[in-house]
2 protein chains.
Amino acid sequence: MTKPCIICVAITGSVPTKADNPNVPTTVSEQIESTHAAFEAGATICHAHVRNADESPSSDPEKFAALKEGVEKHCPGMIVQFSTGGRSGAGKERGGMLSLAPDMASLSVGSNNFPKRVYENAPDLVDWLASEMRRYKIKPEIEAFDLSHIHQAVALHRDGRIPQTPYIQFVMGVKNAMPADKNVFDYYVETVKRLSPDSEWCAAGIGRHQLEVNEWSIAAGGHART
Amino acid sequence: MTKPCIICVAITGSVPTKADNPNVPTTVSEQIESTHAAFEAGATICHAHVRNADESPSSDPEKFAALKEGVEKHCPGMIVQFSTGGRSGAGKERGGMLSLAPDMASLSVGSNNFPKRVYENAPDLVDWLASEMRRYKIKPEIEAFDLSHIHQAVALHRDGRIPQTPYIQFVMGVKNAMPADKNVFDYYVETVKRLSPDSEWCAAGIGRHQLEVNEWSIAAGGHART
Ligand SMILES: [Zn+2]
Ligand SMILES: [Zn+2]
Ligand SMILES: [Zn+2]
Ligand SMILES: [Zn+2]
């Protein structure tokens with residue numbers, strides 16, 4: 001039995017700017033055209049961050065609304081996933097656009113270190129973001145920056161805070177969090193199969209680890225994040 | 001070849017008070033007597049937190065000094081380990097007593113969730129605590145609340161920020177962090193053997209998981225924390 005490989009395109013992360021790479025789309029119209037190109041190349045999920053005019057990360061619901069409308073128009077059937085990641089704002093700001101009811105949204109379920117700071121996802125913020133996702137019928141993509149986050153995702157599903165079958169993304173190669181380590185990757189896959197065999201999962205390698213981690217993921221039957 | 005099992009006694013954690021258990025030693029003199037009893041029963045490391053007069057966690061260097069002096073007098077040869085854990089203060093306060101040069105001190109190398117909040121160990125704080133431990137020749141006990149913390153401990157050892165062979169404690173059973181899961185425990189042991197075979201390790205189960213996790217640890221050749 002084969003299952004289709006879902007390709008999720010993260011057209012714009014929260015860090016690189018045009019100074020790093022002139023091809024990074026940072027305005028909403030650039031993002032829509034870039035997503036359209038990825039859609040025609042086979043991508044099925046658009047993982048979206050938005051930026052302010054100075055290219056810094058934003059959590060502005062108006063920008064998210066314009067991006068969603070454009071992607072829905074140019075890429076019919078594509079799944080729109082909003083990032084609720086912590087670089088775009090603090091606390092509940094991070095979920096202020098969930099009332100736009102995208103198909104999916106990212107959800108971090110634990111805390112960890114980033115290269116220069118703590119990535120803070122306090123238990124009450126996680127609960128609030130999950131409750132907004134239930135309210136607007138948004139499927140979460142759980143961001144697993146460490147092993148306990150997989151266990152936490154399963155716990156949230158078992159007690160009903162995440163009603164849908166979990167969709168878990170392993171994030172590897174972030175400095176001061178989990179390195180891109182094949183042995184850990186294999187154990188992550190084994191852990192999902194052990195604790196929640198119906199779950200779907202994908203893997204993202206940050207920066208120079210992107211291709212390597214995608215290869216591991218596809219070979220092991222997971223989805224791919226670009 | 002057998003190696004001696006090190007028993008580490010945490011006479012007073014940072015949470016329970018006499019209202020929870022009238023036998024919890026919370027004054028320095030109570031702590032010294034309690035450590036003495038554990039020493040005579042075979043404990044070799046004293047993991048120490050101190051408390052304020054109202055039993056709340058403290059990082060007061062004077063209390064740590066009195067405790068160290070008492071333990072050294074009553075328990076000759078016992079290893080004194082100070083906690084630099086985050087419940088006793090914020091930022092550098094947590095390491096203000098390291099100039100007392102205890103034999104060991106706990107060192108968290110990553111961040112994670114606790115039952116009701118984020119346990120914050122930002123990269124620059126970790127670096128500063130490690131530098132103080134180098135300065136006063138204190139051996140760190142690395143607290144691994146999640147898998148990436150083991151990888152981080154090995155990285156800190158490899159680049160010289162932790163000069164000594166790592167001594168790693170797996171902490172399991174903290175709500176919203178890593179559960180007490182035997183499969184994870186086995187993988188933790190396998191990970192230490194794979195990445196840093198000379199390292200020593202022990203395991204602590206929180207609350208009702210204490211005995212179970214100690215049994216796993218002793219059976220697998222690790223040390224025990226009570
Ligand atoms: Zn993202
Ligand atoms: Zn288009
Ligand atoms: Zn402690
Ligand atoms: Zn005594």
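Below, read A as the first sequence line, B as the second, and so on, with proteins coming before strands; counting in each chain starts at 1. Bear in mind that the values here come from a model prediction, so they are computed numbers and not experimental data.
A distance of 12.5 Å separates CZ in A:F145 from CG in B:D146, rounded to the nearest 0.5 Å. Atom OG of residue B:S148 and atom NE2 of residue A:H149 lie 7.5 Å apart, to the nearest 0.5 angstrom. The OG atom of A:S111 sits 7.5 Å away from the CG atom of B:N112 when rounded to the nearest 0.5 Å.
For the set A:K175, A:R117, A:E120, A:E190, the entry with the most heavy-atom pairs within less than 4.5 Å of chain B is A:E120. Interface summary for chain A: among B:A122, B:P115, B:P123, the most heavy-atom pairs under 4.5 angstrom belong to B:P123. Top candidate by heavy-atom pairs under 4.5 Å with chain A, chosen from B:V126, B:V184, B:V109, B:D124, is B:V184.
Counting only heavy atoms from C-beta outward, the side chains of B:N121 and A:V118 never approach each other to under 4.5 Å. You'll find the side chain of B:D181 reaches within 4.5 Å of the side chain of A:R194, heavy atoms only.
If you measure heavy-atom distances from B:F114 to chain A, the contacts under 4.5 Å come from the backbone alone.
Within 6.0 Å of NZ on B:K182 lie more than 12 heavy atoms contributed by other residues, nucleotides or ligands. With a 6.0 Å radius and a threshold of 12 heavy atoms from other residues, nucleotides or ligands, A:K18 has its NZ atom above the threshold.
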